[in-house]
2 protein chains.
Amino acid sequence: MSEVVTPRPPLGCAAVMLGLFRAALQERHLPVTHQREAVAQVLFESGGHLSADDVAERLRGGNGHVGKATIYRTLGLLVEVGLAAEHDFDEGFKRYETRIGPAHNDHLVCTSCGEVVEFHRDELDSLQEQVARDRGFHVLTRQLKLYGLCALCDSESGDALRPAI
Amino acid sequence: MSEVVTPRPPLGCAAVMLGLFRAALQERHLPVTHQREAVAQVLFESGGHLSADDVAERLRGGNGHVGKATIYRTLGLLVEVGLAAEHDFDEGFKRYETRIGPAHNDHLVCTSCGEVVEFHRDELDSLQEQVARDRGFHVLTRQLKLYGLCALCDSESGDALRPAI
DNA sequence: ATCGCTGCAAACGGTTTGCAGGACA
DNA sequence: TGTCCTGCAAACCGTTTGCAGCGAT
């Protein structure tokens with residue numbers, strides 16, 4: 001059985017990712033600006049699934065101000081160079097996460113508290129291949145979302161009458 | 001191996017679904033209006049994944065005019081009573097499909113021509129249960145999307161040099 | 001010095017909402 | 001007859017874009 005890929009990037013990872021971002025920019029002859037570094041750093045240090053507003057809010061608290069347009073532009077840039085992934089959890093807006101190595105496509109989403117947990121099962125990969133072969137489909141990427149209640153919200157909602165004996 | 005659930009509802013199905021919709025409205029003491037019937041009929045007869053605009057367009061051609069607000073309200077109503085399902089294929093808008101029996105959650109989406117095909121594999125259900133059990137998650141619904149190229153678009157994009165011998 | 005970025009604000013597009021008038025039960 | 005719907009248009013909200021000025025290389 002496979003295990004969580006990266007619930008949280010290891011310590012020091014943010015710095016490494018920032019370096020990769022700078023390199024990617026230089027490789028494309030794009031300026032390495034303070035704003036781009038600030039946005040990338042916030043995302044890399046969070047280790048979670050941030051919305052553009054989340055990024056804006058975290059920037060307001062300390063690291064200086066960055067316009068929302070620039071935040072969107074930088075997040076798009078991060079996705080483009082492969083250092084971030086975009087997710088849509090049906091909340092009416094997109095979320096972004098640091099992307100390390102292969103894509104993280106499979107998520108558990110708590111519809112009560114909004115928690116998002118990644119998971120991976122090798123069976124899914126082979127299942128995907130089988131379906132693609134059967135249908136003559138050339139699969140490029142996948143998104144699997146299991147919506148429901150996390151253990152905490154589930155116990156809060158239903159177990160009020162059933163204290164753990 | 002499991003097979004497609006409903007690539008297209010059987011003939012006469014639209015009429016049955018319309019009856020179910022009328023019954024659901026009456027049960028809730030909600031008026032059965034021409035507009036609601038028109039929107040529901042368009043969706044039921046299409047058998048596909050329609051956007052609100054698609055519905056509006058098909059209504060313009062023949063069945064009389066229905067305001068966009070009413071279309072959105074009726075589609076929401078259909079979802080609420082369980083006769084339609086809402087899908088988001090990352091196109092910037094939602095699509096709706098007739099829902100018969102258990103939910104259709106697993107789709108192949110062609111990013112070139114937009115074709116959407118449903119599929120179902122029993123293995124996915126058991127896999128979902130396993131993940132939920134492992135994580136203490138109470139899964140309520142799931143969405144699996146395999147994005148890529150359908151057989152036709154795939155052959156058009158890459159096989160220009162390899163004619164079928 | 002040059003090119004491209006940044007910030008602001010306005011535009012955009014799908015969806016929702018407020019309200020006056022009309023239709024179902 | 002009363003309640004709820006309908007249509008229009010405006011509001012909404014996340015995201016994108018145009019443009020004048022600034023900053024990185």
Side-chain angles (χ1 to χ4, degrees), chain A residues 18-19 21-43 49-60 63-81 84-97 114, chain B residues 18 21-43 49-60 63-81 84-96 114:
Chain A
L18 247 189
F21 185 39
R22 287 201 197 92
L25 289 172
Q26 285 164 357
E27 194 177 333
R28 282 146 219 252
H29 305 293
L30 296 175
V32 177
T33 64
H34 297 138
Q35 291 91 335
R36 283 177 174 166
E37 291 191 316
V39 170
Q41 187 164 21
V42 162
L43 183 66
H49 300 75
L50 269 52
S51 66
D53 264 332
D54 290 337
V55 174
E57 195 173 338
R58 296 189 185 209
L59 282 172
R60 235 172 276 130
N63 311 30
H65 171 263
V66 178
K68 199 160 276 188
T70 299
I71 293 175
Y72 278 107
R73 284 187 280 232
T74 303
L75 288 172
L77 202 47
L78 283 163
V79 170
E80 207 173 297
V81 302
E86 191 185 71
H87 292 289
D88 186 343
F89 298 116
D90 277 321
E91 300 168 293
F93 51 86
K94 301 280 175 60
R95 288 187 178 277
Y96 299 83
E97 87 180 311
Chain B
L18 246 188
F21 186 38
R22 287 200 198 93
L25 289 174
Q26 285 164 358
E27 194 177 332
R28 282 146 221 252
H29 304 293
L30 295 175
V32 178
T33 64
H34 297 139
Q35 291 91 334
R36 283 175 174 166
E37 290 191 315
V39 170
Q41 187 164 21
V42 162
L43 184 66
H49 300 76
L50 269 51
S51 66
D53 264 331
D54 290 338
V55 174
E57 197 173 338
R58 295 188 187 210
L59 283 172
R60 235 172 275 129
N63 311 28
H65 172 264
V66 177
K68 199 161 277 185
T70 299
I71 292 175
Y72 277 107
R73 284 187 279 233
T74 303
L75 288 172
L77 203 47
L78 283 163
V79 171
E80 208 172 297
V81 302
E86 190 185 74
H87 292 289
D88 186 343
F89 296 117
D90 277 323
E91 301 168 294
F93 52 85
K94 302 279 176 60
R95 289 186 178 278
Y96 298 84

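Excluded from the calculations below are hydrogen atoms, water molecules and symmetry mates; all remaining heavy atoms, backbone and side chain alike, are included. Order of the sequence lines sets the chain letters (A, B, ...), proteins ahead of strands, with each chain counted from 1.
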Need one value for A/Tyr72: base, sugar-phosphate or nothing, where a base atom within 4.0 Å counts as base even if backbone is also close, heavy atoms only.
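The residue A/Tyr72 makes base contact.
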
By the 4.0 Å heavy-atom rule, please label B/His34 as base, sugar-phosphate, or nothing.
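Contact class for B/His34: sugar-phosphate only.
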
Please state how far atom [atom1] in [X] lies from atom [atom2] in [N], giving the value in whole angstrom units.
X       : N      : atom1 : atom2 : result
A/Phe89 : D/dG14 : CZ    : C1'   : 17 Å
B/Tyr96 : C/dT15 : OH    : P     : 6 Å
B/Gln26 : C/dA25 : CD    : P     : 7 Å
B/Ile71 : D/dG7  : CD1   : C1'   : 11 Å
B/Gln35 : D/dC8  : CD    : C1'   : 14 Å
A/Glu86 : D/dT16 : CD    : P     : 8 Å
A/Lys94 : C/dG13 : NZ    : C1'   : 13 Å
B/Lys68 : D/dG7  : NZ    : C1'   : 13 Å

For B/Glu91 and for A/Thr74, find the nucleotide of DNA chain C with the closest heavy atom, then tell me which residue's nucleotide is more 5'.
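Its nearest nucleotide being more 5', the pick is A/Thr74.
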
Selected nucleotide, minimal atom distance to [X] side chain, candidates [options]:
X       : options               : answer
B/Val66 : D/dC5, C/dT15, D/dG7  : D/dG7
A/Val32 : D/dT25, D/dT15, C/dC5 : D/dT25
A/Ala52 : C/dC8, C/dA25, D/dT15 : D/dT15
B/Ala69 : D/dA9, D/dT6, D/dA24  : D/dA9
A/Pro31 : D/dC5, C/dG4, C/dT15  : C/dG4

Tell me which one of A/Thr74, A/Leu43, A/Val39, A/Val32 satisfies side chain to side chain contact (heavy atoms under 4.5 Å, CB included) with A/Phe21.
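Per the side chain to side chain contact (heavy atoms under 4.5 Å, CB included) rule, the option paired with A/Phe21 is A/Thr74, out of A/Thr74, A/Leu43, A/Val39, A/Val32.
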
Reading DNA chain D from 5' onward, which residue's closest nucleotide shows up sooner: A/Arg73 or A/Asp53?
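Result of the comparison: A/Asp53.
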
What distance do A/Tyr96 atom OH and A/His49 atom NE2 have between them, rounded to the nearest 0.5 Å?
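It comes to 13.0 Å.
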
For the atom pair CG (A/Leu75) and CG (A/Leu50), what is the distance rounded to the nearest 0.5 Å?
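If I round to the nearest 0.5 Å, the distance is 9.0 Å.
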
For B/Thr33 and D/dT6, is the shortest distance between a side-chain N/O and OP1 or OP2 below 4.0 Å?
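The answer is yes; a side-chain N or O of B/Thr33 sits under 4.0 Å from OP1 or OP2.
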
Give me the one residue out of B/Asp54, B/Asp88, B/Asp53, B/Asp90 that meets salt bridge (Lys or Arg N to Asp or Glu O under 4.0 Å) with B/Arg95.
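For B/Arg95, the salt bridge (Lys or Arg N to Asp or Glu O under 4.0 Å) check succeeds only for B/Asp54.
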
Do other residues, nucleotides or ligands put more than 12 heavy atoms under 6.0 Å from the CD atom of A/Glu57?
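No - once you tally the heavy atoms of other residues, nucleotides and ligands closer than 6.0 Å, there are 12 at most.
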
